[in-house]
Structure formats: structure tokens, C-alpha cells
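First the structure, in the form of C-alpha cells, and then the observations on it.
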Amino acid sequence: MKKTRILVIDDEAGFTRLLKLVLTHYDIREENNPQRALETARAFHPDLILLDVIMPGVDGGAVAANLRTDAVLKHIPIVFLTAVVSPQEAGASEKNIGGFPFLAKPVSPEVLEQCIEHHLALA
Amino acid sequence: MNPPLFALTASPPRGFSQRTELSRSELRRAVFAVYTENPADVLHELDALRDKITGLLVTPSSKLRWRRCGDRLYQLEFPAELQNVLPELLQPHLELLGALMHLAEGFREKELDLARAVEDRSRLVREFGDLRSSLLQEIGDRRAAEGELQKAHDQLEVRVEQRTAELGEANRALEAEIIERRRTEEELRTINTRLEEVLTDLTRSHEDLKRAQLQLIQAEKMQSVGSLAAGVAHEVKNPLAILEMGLGCLITQPDLDAESRQLVHQEMKDAVRRANTVISGLLNYSSSKELDIHACDLHSVLEQALHLMRHEFINRKITVAREFAADFPRCQIDAQKIEQVFINLFTNACHAMPTGGMITVTTEVKMLVASDVHWDAGDRSGSRLREDERVAVVKVRDTGTGIPPEKLGKVFDPFFTTKPTGLGTGLGLTVARKIIDLHGGRLELANAPGEGAIATVLFNLR
């Protein structure tokens with residue numbers, strides 16, 4: 001079975017590397033340069049995009065907006081990853097940032113996987 | 001025998017008055033003397049006398065002649081025929097005559113004496129006259145001198161009066177001035193007291209202001225701490241996210257290959273270090289309230305920082321050029337904190353030159369001019385540097401990539417960084433600027449003409 005493709009857009013290389021290492025069930029593409037986010041998305045055709053919010057130069061919100069306006073990419077589910085909001089604030093369930101679901105860092109691999117599956121199912 | 005002479009003289013002998021009548025006997029005894037001032041009268045008198053004699057001698061007058069034999073001496077000449085007679089006739093008279101002549105001589109002598117006396121008198125009179133005139137002259141001179149003296153005296157008196165008047169005026173003026181000065185002194189003393197009060201007030205309000213300023217800085221810091229908190233959260237949570245992932249990895253995949261495990265361990269270690277650095281930076285930032293200020297040699301602080309960086313420089317093939325000013329004054333600084341600032345600036349310079357380059361450190365003392373003091377209107381740094389202030393300037397220039405112009409305004413924002421993630425916390429310049437601000441100085445960053453960037457630090461030499 002072909003693995004689900006996840007594109008993670010985050011400037012933290014350490015984070016994305018470990019994420020790829022941990023989430024073995026998925027085919028994970030790392031993109032640490034948010035300027036190349038659209039390009040990589042078009043090339044990779046992910047099933048879901050994990051998007052960091054605070055990044056140098058281009059922030060996650062702008063990337064999300066760009067993704068949504070792209071004809072090809074606009075249907076791909078996006079989950080924000082943010083370091084600013086605590087898990088307690090988020091509660092057990094995800095809330096939305098600007099209509100997008102988000103997850104609060106630090107997040108355990110299990111929770112992350114659960115979230116991914118949840119939104120894949122929704123799509 | 002000599003013919004008898006009758007001497008007649010114009011000077012009458014004493015006791016002999018002119019008489020016109022002579023008795024015969026008198027005649028025989030008399031000497032005929034006629035005295036007159038006027039010789040013409042003498043002749044007349046002589047003629048009268050001759051007539052008398054002729055009358056007595058009953059001889060015609062023509063036979064008697066007068067012969068002048070002196071100035072006032074006339075000799076009566078008798079004719080020859082009478083001469084024989086005469087002696088007897090005249091003998092008795094001769095004695096008298098002699099006496100008379102003697103008398104006449106005496107008289108003549110007396111006359112001479114008199115003349116002499118007269119002459120003496122005249123001389124004396126003359127002398128007296130001379131003396132008198134010289135005396136008069138002298139008196140005149142003296143009177144003149146006296147006059148002059150009097151005049152001088154009068155003038156002197158006038159001048160003395162004037163002087164006295166002037167001095168009196170001056171004295172009055174001086175007294176008035178003294179009064180004026182005393183009053184001014186009093187006023188000055190009052191003003192002085194008031195000034196001292198004002199000074200005390202000013203010092204107090206200055207202290208208050210400084211305190212308020214520090215509070216403001218603290219408040220600002222607290223405010224920026226708010227945004228800092230968000231930044232800290234982000235900067236700490238990312239490492240934590242890595243730790244979380246790493247842990248998850250190690251737990252769920254115990255039989256992970258060695259290489260991967262190594263990678264996980266490394267990432268986790270780096271994450272911890274990063275989080276630690278951020279927290280330290282934040283602590284630094286918030287604790288930089290108290291400064292340990294001493295008079296320090298800025299050059300030795302710079303050398304210290306350069307020394308600490310030497311390995312970095314070598315590894316990155318970076319050379320350092322120093323252009324330090326001579327007679328650089330000591331600055332009132334917290335040496336440790338300023339060293340930290342320099343290290344930050346040198347570190348930034350190094351990161352801007354990944355393939356090597358040169359750092360130039362210059363120091364100089366200058367007076368600020370108007371163009372130097374155009375700080376941002378919104379800037380609320382602790383101490384504003386003014387025109388004409390003497391400042392110490394330190395410049396750190398690199399030959400690196402420079403700062404993109406759109407980012408220049410943000411370089412001092414907390415957690416702003418142009419570097420790849422993990423390299424630097426983004427707090428370095430923020431903290432550095434705060435440190436410099438607390439020193440009453442100024443830290444600016446700009447792109448250098450050509451290539452690279454220049455960091456300029458100004459220290460107030462007040």
C-alpha cells in the first residue's frame with residue numbers, strides 16, 4: 001500500500017527530521033524554507049500538510065492562504081503547528097486558527113498521528 | 001716890598017654884613033669884601049666899594065682899578081703914588097686883611113668843604129636816589145611778585161575750592177555707590193539662597209526623573225517581555241517539540257538503527273542547548289537593570305572580547321584590523337556587560353562572513369554634530385545624546401553580506417534573526433542595545449558603503 005504523503009513545512013530542521021524519523025507510517029517530505037512551500041507542494045502532491053505558523057520571512061498564515069488559492073492544492077487539508085499556544089489552552093480537541101485546525105507544540109508523536117488520521121478521514 | 005693887596009671875595013666872611021657905610025677908622029681896618037652870587041652884582045658892589053675907598057682916600061676913582069685874580073677874587077690896584085702911602089694907611093688893615101684872607105681861606109675851605117659836602121650830599125642823594133630807585137625797583141618787583149603770588153594764591157584757592165567741590169562730589173558718588181553695592185550684595189545673597197533652593201529642587205526632581213525613567217524602561221521591558229514571552233514560548237517550545245519527537249522516537253522504535261539513534265540524540269542535545277541559551281539570554285535581558293559602573297579602558301575591553309573570539313576567527317578565516325585612537329579616555333562602563341555587547345557584535349560579524357573576511361574595529365573621540373543626533377521620534381531610550389556632547393565611538397565593520405534594507409529596522413526586535421534557525425537566539429542585539437541604552441549610549445546598525453555592515457556604539461564621556 002502506498003504510504004500517505006505528508007508535507008511538513010517548518011523552519012526547524014531538527015524538528016522535521018525527527019518527525020520523519022518517528023512517523024514511519026507516512027511518506028514525509030520536509031520543507032524548511034517556507035518560500036519554497038508552494039513549489040514543493042506542487043511537486044510532492046501531499047495528502048496533508050503540516051504547517052508551522054511562525055517562520056522567518058513568510059509566516060504560516062500567508063503560506064496557507066497561497067495554498068488555498070492554488071487550483072491544484074486548495075483541497076489538501078492543512079493542520080497548523082504552533083509553538084505559541086499551550087496544550088492546556090488548546091484543550092483535548094483542536095481549535096481553529098483562521099478556519100484551520102492547529103496543534104500546539106510540543107506534541108507527542110501519538111497525538112500527531114491521531115490528528116493526521118482524523119483530518120485525512122475528514123477530507 | 002710887595003704892593004699891598006686888597007682881596008675881595010664874593011663869599012662874605014661871617015659876621016660881616018654888607019654895609020654901605022664905613023667909617024674912616026673902619027675903613028682903615030676893614031677888608032673890603034663883597035659877597036654875591038651874581039658876579040655882575042660883585043662888580044657893582046666893587047664899584048660901590050671903590051667909590052667909597054676913593055671917597056675916603058680922596059683919590060679919583062679912576063686911579064683905582066679892580067683886577068680879577070680869581071674866580072671870585074678881585075684885587076684892587078692902587079696907583080704907584082698911593083702905594084707908598086698905602087702901607088701906612090693900610091698896615092693895620094693888612095692884619096685884618098690877612099685875618100680876613102685867612103678867614104676867607106677858611107671860608108674858602110669851608111666853601112670847599114661845603115661844596116664837597118654838597119657833592120657828598122649830592123652823591124649821597126644820588127646814591128640814595130639810586131638805592132631808592134633800585135629799592136623801588138625791588139619793591140616794584142616784590143610787589144609784582146607779591147601780585148603774582150597773590151594771583152597764584154587766589155588761583156590756588158579757586159582750584160582748591162574746585163577740587164574740594166569735586167572731591168565732595170566724588171565722595172557723595174562713592175557713598176551712593178557703596179549703598180547701591182550693599183543693596184546689590186543683599187539682593188545677590190537672596191538670589192543665591194533662592195538658587196541653592198532651586199538647585200536642591202532640581203537635583204531632587206532629577207533624581208525623581210531618573211527613577212521614573214528607570215521605571216519606564218522597566219515597564220517597557222515588561223511590555224516587551226509580553227512580546228518576549230511569546231517569543232520565548234516559541235523559542236523554547238520548538239526545542240521542546242524536538243525533545244518530544246525524539247522521545248517518542250526512542251520509545252516507539254527501540255530497535256532503531258545506530259545512525260538514526262545518534263541523529264535523534266544529537267537533535268535532542270542541540271534542542272536542550274538552544275532552549276538553555278534562550279532562557280539565559282532572557283535572564284540576561286531582564287537582569288541588566290543593575291550596572292557595575294567603573295572607569296574602564298575601552299580598548300582593553302575590546303581586546304578581551306577579541307581574545308575570547310580568537311578561535312572563531314581562526315576557524316572562519318577572519319582577520320581583525322584595529323584602528324584604535326591614541327589618548328582614548330577612560331569610560332564609565334560595566335566592563336563585563338560591554339564585553340558581552342562586543343562579543344555579540346563580533347559574533348554577528350562572523351556569521352555574516354561564512355567564507356571568511358575581515359573585521360575592522362575602530363575607536364575615536366568626537367563631538368556630536370546635528371546630523372548625528374537624528375534619533376527616531378519614537379525612541380524612548382534611557383538617555384538622549386545631544387549635539388555638542390563629547391562621545392567615544394566604537395565601530396565594528398565586517399566585509400560580509402550586509403543586512404537586507406527591509407530588515408534593518410527590525411534587527412533590534414526581540415527574537416528577530418536573519419540567521420538560519422538554531423544559529424543564535426535573536427536576542428543578542430536586543431540585549432546589546434538595552435545594555436548600551438542603560439549606559440546612556442547608543443547602538444546603531446547600518447550597512448557599510450560597499451559591502452558588509454557597521455555596528456556603531458557611542459559612549460557618553462560626560
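Throughout, protein chains are lettered first and strands after them, A, B, ... in sequence-line order, and every chain is numbered starting at 1.
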One should read off an interatomic distance between Met268(B) CE and Leu18(A) CG, to the nearest 0.5 angstrom, of 8.0 Å
All heavy atoms of Glu244(B) vs all of Pro109(A), minimum pair found to be O-CD, 3.9 Å
Please tell me if the side chains of Arg17(A) and Ile242(B) come closer than 4.5 Å, counting only heavy atoms from C-beta onward.
-> no
Is any side-chain heavy atom of Met245(B) closer than 4.5 Å to a side-chain heavy atom of Leu21(A)? no
From CA spacing to verdict: side chain to side chain contact (heavy atoms under 4.5 Å, CB included), Leu240(B), Lys105(A): CA-CA 8 Å; Leu240(B) 286 177; Lys105(A) 290 186 196 172; over 6 Å; no
Max heavy-atom pairs within cutoff under 4.5 Å with chain A, candidates Ser260(B), Ala271(B), Pro239(B), goes to Ser260(B)
Honestly, the part of Thr252(B) sitting under 4.5 Å from a heavy atom of chain A is side chain
The interface call for Ile251(B) against chain A, heavy-atom contacts under 4.5 Å, is neither
If one checks every heavy atom of Leu112(A) against chain B at 4.5 Å, the contacting part turns out to be side chain
Are there over 12 heavy-atom neighbours, none belonging to Glu406(B), within less than 6.0 Å of that residue's CD?
yes
message: If you count heavy atoms of other groups shown closer than 6.0 angstrom to CD of Glu117(A), is the number above 12?
response: yes
- Query: With the threshold set at 4.0 Å, does a side-chain nitrogen-carboxylate oxygen contact exist between Glu12(A) and Lys237(B)?
  - Reply: no
